[in-house]
Amino acid sequence: MKEKITIKGELRDLFELRRLTHERPQRIRAASSRPQGPPPINALARRIHPAAQQLEIVAVRDETRAARTFRLAPDADAGATRCAVFRAGQYLSLKVDINGVRITRPYSICSSPDDALNGRFYEITIRRKEGGFLTEHIWNSWGEGTKIEASGPCGFFYYEPLRDSADLVGLAGGSGITPFRSLMKDITANHPDARMTLLCGVRNAQEKMFAREFRDLSRESGGRVKAYFVASEPDGDWDGPTGFLTADLITSLAGPPEGKTFFICGPQPMYNFLDKELAAFNLPRRRVRREVFGELTDVTVFEDYPRELAGETFEIIVHAGRRVLTVPAKATESILVSLERAGLNPPSQCRSGECGFCNTILLNGGIFVSPENDGRRKAGIKYGYFHPCSSYPVSDLEIKLNPAVHAG
Ligand code: FES
């Protein structure tokens, strides 16, 4: 008597494999001898994570007297046809040439990821810094038609439902508000289970930006996203909350902290302030996500920093490929800035010790690494690597730039 046996799952795979093994010589004989091209997955990865993007400013608008939004689209003259996709909260590192020196600066994307996909543009909003040589340059020379080279989207300041709770609180100060515009748009359109309450610290009404858009998003999302502006120096007709983003104020506007994930983006002093305020909530570390804030404005605020060195200038012997040169370096300026002043351009993106793009080898001498943004890996430290963007000389140094980049 014959029995019918059904073969399932892995056992079936095994039989299939036997058939394949059997047919293998036949298939090899029938195959083309032409070498295969690069795996298509590599082209896809490059498209999704390009090292560089050629963009062009296609629109400019003022948000406040000191904040300007630039819309960047692919530069057709350079053959660019699309914007790389990004996650709300990520940034672009822009490359800017000023007086023959190329510098890079990270700017959060403030438009929606859907705009990059459908409308094929990014928006960034830049606040003018009094006396800041980069923002002065941008204000005076950027307009429609300006060509800009940018990195692909980078950074880890995004909402990830697998990791973060769905109840989010955003705390923003200064230009730290910009990634939240993108996050609020994305949550409204693409995350129906998430909600975000954003608290933006401003000095007065003149500093408020995106207020009308936030109101529209709140309506559109059925109240899942909402924003409050908190003025520290309110003008006469200010009718919103006032003061600073204290633990009490956060609780009164966003509710009890339990079960919430906090997203923080702002200038260095705001982080120092919020560290103390949020300590009262006793939050697990994974519930606090902080955006990197670019280079430190003042490294001497750290307790361990040797303040007696603050006025010193050291010398750095730099091995850049086959060249060896000596570069002056102020103690309170990041080593990356000293290298850029000397016309050397180690690659950089975040300028906050996070991305590892500026990885460099320390051959001799001592450095102070800012504890706030020490993103070195253990293996890197073991083999003498450091990040010049978050490191400061405390003696004369000898360093070797990444040979993969400085081969010449
Ligand atoms: S530029 Fe990102 S670690 Fe230095």
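Ligands are counted one by one from 1 in listed order, and the atoms in each one are counted from 1 as well. All residue numbers refer to positions in the sequence shown, counting from 1.
Under 3.5 Å, the side chains of D114 and N118 contain no donor-acceptor pair of N or O atoms.
Classification of the F214-F210 ring pair by plane angle, with boundaries at 30° and 60°, yields perpendicular. Relative ring orientation between F368 and Y305 is described as perpendicular, the plane-to-plane angle rising above 60° on a 0-90° scale split at 30° and 60°.
Residues passing the salt bridge (Lys or Arg N to Asp or Glu O under 4.0 Å) test with R203, sequence neighbours excluded: E207. Residues forming a salt bridge (Lys or Arg N to Asp or Glu O under 4.0 Å) with D275 (at least two apart in sequence, or on another chain): R290.
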Taking distance alone, no hydrogens or angles, what donor-acceptor pairs closer than 3.5 Å link side-chain atoms of residues 68-79 to residues at least two apart or in another chain?
from	atom 1	to	atom 2	distance (Å)
R68	NE	D62	OD1	2.7
T69	OG1	E63	OE2	2.6
T69	OG1	T125	OG1	2.7
R71	NE	E123	OE2	2.9
R71	NH2	E123	OE2	2.8
D75	OD1	D77	N	3.0
D75	OD1	K147	NZ	3.0
D77	OD2	K147	NZ	2.8

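Taking 2.8 Å as the limit, the number of protein N, O or S atoms around atom 4 (Fe) of ligand 1 is 2.
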